[in-house]
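Written out below as structure tokens is the structure these notes cover.
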Amino acid sequence: KMRIEERRDNFVRQSLLSDEFLDLIQRNKKPFDLLMCYYECAIMEVETKFKVLNQEHSLEYDRNPIESIKTRVKSYESILKKIRKKDIPITMEAIEENIKDIAGVRVICSFQDDIYALEESFLKQDDIELIERKDYIKNPKPSGYRSLHLIVQVPIFLQNTKKFVNVEVQFRTIAMDFWASLEHKMRYKKDIPESQVKFLQEELYDCAEQSAKLDERMQGIRDVIGWNKNE
Ligand code: GTP
Ligand code: MG
């Protein structure tokens, strides 16, 4: 994993045009690195919480509700894109305040019910504050996208203070994640022939619907097996 200073230097070096965001970073190297460090720490806190829940569940029911956890800190390029898209003032405070998905944790489960069970256990914890919740499983996006999104604030404990940091948590089933990865790749592919775009959109939407039905059926099988009871 690249160190925070290295990531910053790379970005500064590779950015050809001088711009306000670059200036901000260069003028505030230390505080900016510190801010990014907070996000990395908040990710560690949240990831640990899910690993703990997974461990406990595994001991109790002999089954892991979490298939895998992916984490990322938003790249500087993506932060800059979002600043432009949302017209965010270029100050550290505004970035911290307005971009709530700089720290991202993606929790991938086998079954849909595990998502809501994990969400409940996570939000019950008394150091987690829910800021925003979007349930794209109950209300899928027009693209077909499904996932449960939370923005939470998690405290990180520093030498002398406690700092609250925004983290975006996305819960998905394996099937939802598979779909979203493919759709994401297509979204950023620039050389798709115009004649194919509509077809691909419809095809992807249909795949999302079918894959949601598959998730439901797998869930149904699991319900019959009654996997959560400790026999
Ligand atoms: P932004 O955070 O500015 O993107 O807008 P928002 O706050 O409305 O975000 P939302 O909660 O809808 O989605 C945030 C994240 O979810 C994105 O960064 C993606 O990772 C993911 N996402 C949302 N919609 C889609 C979609 O249609 N396809 C895929 N592949 N991912 C999506
Ligand atoms: Mg968002």
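In listed order, ligands and their atoms are each counted from 1.
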Practice task
Would you check whether E183 has a nitrogen or oxygen atom less than 3.5 angstrom from a nitrogen or oxygen atom of ligand 1?
Solution key: yes

Practice task
Return yes or no for this condition: an N or O of W179 is under 3.5 Å from an N or O of ligand 1.
Solution key: no

Exercise for the section: Report yes or no: does a heavy atom of K82 sit under 4.0 Å from some atom of ligand 1? Expected result: yes

Handout entry: Atom indices of ligand 1 within 4.0 angstrom of Y136 heavy atoms, with elements
Key = 10 (P), 11 (O), 12 (O)

Practice task
Find all atoms of ligand 1 within a distance of less than 4.0 Å from any non-hydrogen atom belonging to K85, and give their numbers and elements.
Solution key: 3 (O)

Problem - Per-atom contacts, ligand 1 versus R187 - under 4.0 Å to a heavy atom - result: 26 (C), 27 (O), 28 (N)

Exercise for the section: May I ask you to test the R222-D114 pair for a side-chain heavy-atom distance under 4.5 Å? Expected result: yes

Completion exercise
Ranking M186, K134, Q170 by closest non-hydrogen atom to atom 20 (O) of ligand 1, top hit is Q170

Handout entry: Option among R106, K134, K74 that satisfies the salt bridge (Lys or Arg N to Asp or Glu O under 4.0 Å) test with D101
Key = K74

Exercise for the section: Decide whether R172 and Y145 meet the rule of one side-chain donor and one side-chain acceptor closer than 3.5 Å. Expected result: yes

Problem - Close side-chain approach of R146 to D215, heavy-atom, < 4.5 Å - result: no

Practice task
Could you tell me the separation between the CZ atom of F122 and the CG atom of L150, rounded to the nearest 0.5 Å?
Solution key: 7.0 Å

Practice task
For the pair D135 (side chain) and K138 (backbone), establish whether a donor and an acceptor sit closer than 3.5 Å, ignoring hydrogens and angles.
Solution key: yes

Problem - K86 touching ligand 1 at heavy-atom level, < 4.0 angstrom - result: yes

Fill in the blank from the handout: Of S143, G144, A180, S181, the one whose closest heavy atom lies nearest atom 27 (O) of ligand 1 is S143

Problem - Beyond-backbone contact of I102 with N166, side-chain heavy atoms, under 4.5 angstrom - result: no

